[in-house]
Protein chains: 2
Amino acid sequence: MAYTSPGETRKKIYDFVRDRILGGMPPTTREVQRAFGFRAVQSARQHLEKLVVDGKLAKTGGRSRSYRLPEFGKASPPQLIAMLGRVQAGELTEAMEDPPEYIMVQTRFDGDELFALAVEGESMLHAGILPGDIVIVRRQPTANTGDIVVALVGDEATVKRYRERDGRVELHPENEAFSPIIPREDGAPFSLLGKVIEVRRTVE
Amino acid sequence: MAYTSPGETRKKIYDFVRDRILGGMPPTTREVQRAFGFRAVQSARQHLEKLVVDGKLAKTGGRSRSYRLPEFGKASPPQLIAMLGRVQAGELTEAMEDPPEYIMVQTRFDGDELFALAVEGESMLHAGILPGDIVIVRRQPTANTGDIVVALVGDEATVKRYRERDGRVELHPENEAFSPIIPREDGAPFSLLGKVIEVRRTVE
DNA sequence: TGACATAGCAGACAAATGTCTGTTTTATGG
DNA sequence: CCATAAAACAGACATTTGTCTGCTATGTCA
């Protein structure tokens with residue numbers, strides 16, 4: 001292969017490896033070699049190891065396809081969480097669909113119990129939460145004023161903004177067309193399911 | 001290894017492989033063998049190939065670490081995409097942060113080029129897109145009326161609703177406080193970067 | 001009990017893969 | 001031009017890995 005100016009091929013190799021990692025299949029040393037037409041494995045290996053030393057890439061071990069993007073090593077591992085569905089007898093159950101649906105999330109709160117829920121209704125419109133949005137919820141029994149929470153009011157799971165006033169819990173919609181819920185006064189069975197930590201919406 | 005009832009070990013192997021795939025490092029045949037204490041490679045291999053036949057797993061090729069999760073319905077292969085940042089000289093560049101950030105997405109559009117972008121400004125407020133939200137964009141040169149798109153107008157990347165009227169392209173905000181952009185008339189260099197396919201917001 | 005499918009074992013081979021030592025060629029800056 | 005660092009090459013070795021053929025052991029069910 002023709003000699004290139006210092007750093008030129010290195011950059012291309014980095015891009016190549018990065019794309020492969022992003023595509024889900026990190027290359028082997030020899031795949032890099034072939035992709036760049038090197039006649040020696042060491043040519044590819046030298047570049048790869050240099051990229052590791054420079055902090056551009058990380059290597060998880062001496063095994064095959066073990067080059068990774070460095071920040072991904074530090075970041076919390078991806079986690080599959082279940083999509084919950086309708087409410088039945090006061091308990092959230094998994095959605096009816098036969099193949100249970102999972103959502104992949106990466107959260108810094110590792111070890112917390114998470115679940116996902118499809119939002120119904122427009123009561124949180126002004127908070128940028130639309131019907132059909134998926135909220136990712138961290139299960140917790142309490143909340144702070146200002147948190148967006150998922151609560152079980154009667155048989156229905158609702159997304160609302162949590163507020164404590166005069167020692168009373170209030171659940172506020174973010175839409176003038178809806179009224180706040182004050183659990184004790186309304187008399188409906190109430191329980192806090194958790195706090196919304198992420199909102200997702202698939203467009204079209 | 002002790003003999004187990006039919007399907008029992010198979011299920012455990014599936015869970016093991018699934019977790020490894022989700023963790024970003026699909027196992028080799030022999031890694032499965034060791035993980036389950038098989039004394040023969042073939043034992044692991046038989047289970048793996050059976051899982052492929054049953055449609056529980058997929059294999060992309062005869063190379064190492066090539067077992068994958070089959071595409072089930074809409075959400076399948078986890079994919080890391082890069083967070084793009086500010087605009088420089090008419091081209092979107094990777095964010096300034098030295099270690100570029102990545103986001104994990106699962107899309108039914110496999111093979112498409114995706115990128116992510118942090119939204120600035122409140123021009124799409126009424127579409128439920130707030131400042132700080134992350135939009136995930138599929139790179140494409142054209143769009144249909146009604147699509148939410150990311151376009152390069154001058155030096156700035158903007159999120160707007162795309163509309164064609166009388167053969168003219170219009171970019172509409174979803175907030176009365178902002179005005180539509182009509183590229184040709186405004187004279188600013190214009191190019192369509194892609195279509196927004198998902199919106200994400202981390203709460204708190 | 002016996003047939004049959006599944007689970008598991010043994011051993012092997014070719015190719016793929018990570019790694020190594022040493023040499024040659026080229027770009028670059030003084 | 002020369003010294004130096006980087007780029008590329010050559011050849012090799014030990015493992016790892018995918019794959020194969022043939023065999024034994026066990027659970028299931030009629």
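Below, chains carry the letters A, B, ... as their sequence lines are ordered, and counting in each starts from 1. Here the structure is a predicted model, which is why all the values come from computation and not from measurement.
The salt bridge (charged side-chain N to carboxylate O under 4.0 Å, His left out) search around A:Glu164 returns none, not counting sequence neighbours. Every residue two or more places apart in sequence or in another chain that forms a side chain to side chain contact (heavy atoms under 4.5 Å, CB included) with A:Ala58 is listed here: A:Pro70. Every side-chain hydrogen bond (donor to acceptor under 3.5 Å, both in side chains) that A:Arg63 has, sequence neighbours left out, goes to B:Glu31. Taking B:Lys56 as the reference, B:Tyr14, B:Leu51, B:Asp54 meet the side chain to side chain contact (heavy atoms under 4.5 Å, CB included) condition, with sequence neighbours excluded. Considering only residues two or more places apart in sequence or on other chains, A:Glu174 meets the side chain to side chain contact (heavy atoms under 4.5 Å, CB included) condition with A:Met124, A:His126, A:Ala127, A:Arg161. A search for salt bridge (charged side-chain N to carboxylate O under 4.0 Å, His left out) contacts involving B:Glu176 returns nothing, not counting sequence neighbours. The salt bridge (charged side-chain N to carboxylate O under 4.0 Å, His left out) check on A:Lys11 picks up A:Asp15, with sequence neighbours excluded. In terms of the ring pair (Phe, Tyr, Trp, His ring centres under 6.0 Å) criterion, A:Tyr3 has no residue partners (sequence neighbours excluded). Every residue meeting the side chain to side chain contact (heavy atoms under 4.5 Å, CB included) condition with B:Val41, not counting sequence neighbours, appears here in chain and number order: B:Thr29, B:Arg30, B:Gln33.
For residues 34-44 of chain A, proximity to DNA chain D is found at A:Phe38, A:Arg39, A:Ala40, A:Gln42, A:Ser43, defined as any non-hydrogen atom under 4.0 angstrom from a strand atom.
Among the nucleotides D:dA8, C:dT17, C:dG8, the one closest to any side-chain atom of B:His47 is C:dG8.
The end-to-end axis angle of the helix from C:dT1-D:dA30 to C:dG30-D:dC1, rounded to 10 degrees and based on five pairs per end, is 40°.
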Inset, instruction - Report, as a single string ordered 5' to 3', how protein heavy atoms within less than 4.0 Å touch nucleotides 23-30 of chain D: B base, S sugar-phosphate only, - not at all. - result: -BBSS---
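Taking 4.0 angstrom as the limit, B:Arg10 places none of its side-chain polar atoms (N or O) nearer than this to OP1 or OP2 of C:dT6. Dashed line: the shortest gap from a side-chain N or O of B:Lys50 to OP1 or OP2 of C:dA5 is not under 4.0 Å. For D:dT16, neither phosphate oxygen OP1 nor OP2 lies less than 4.0 angstrom from any side-chain nitrogen or oxygen of A:Ser64.
Checked by distance alone, B:Arg45 brings no side-chain donor or acceptor within 3.5 Å of a matching partner on the base of D:dG18.
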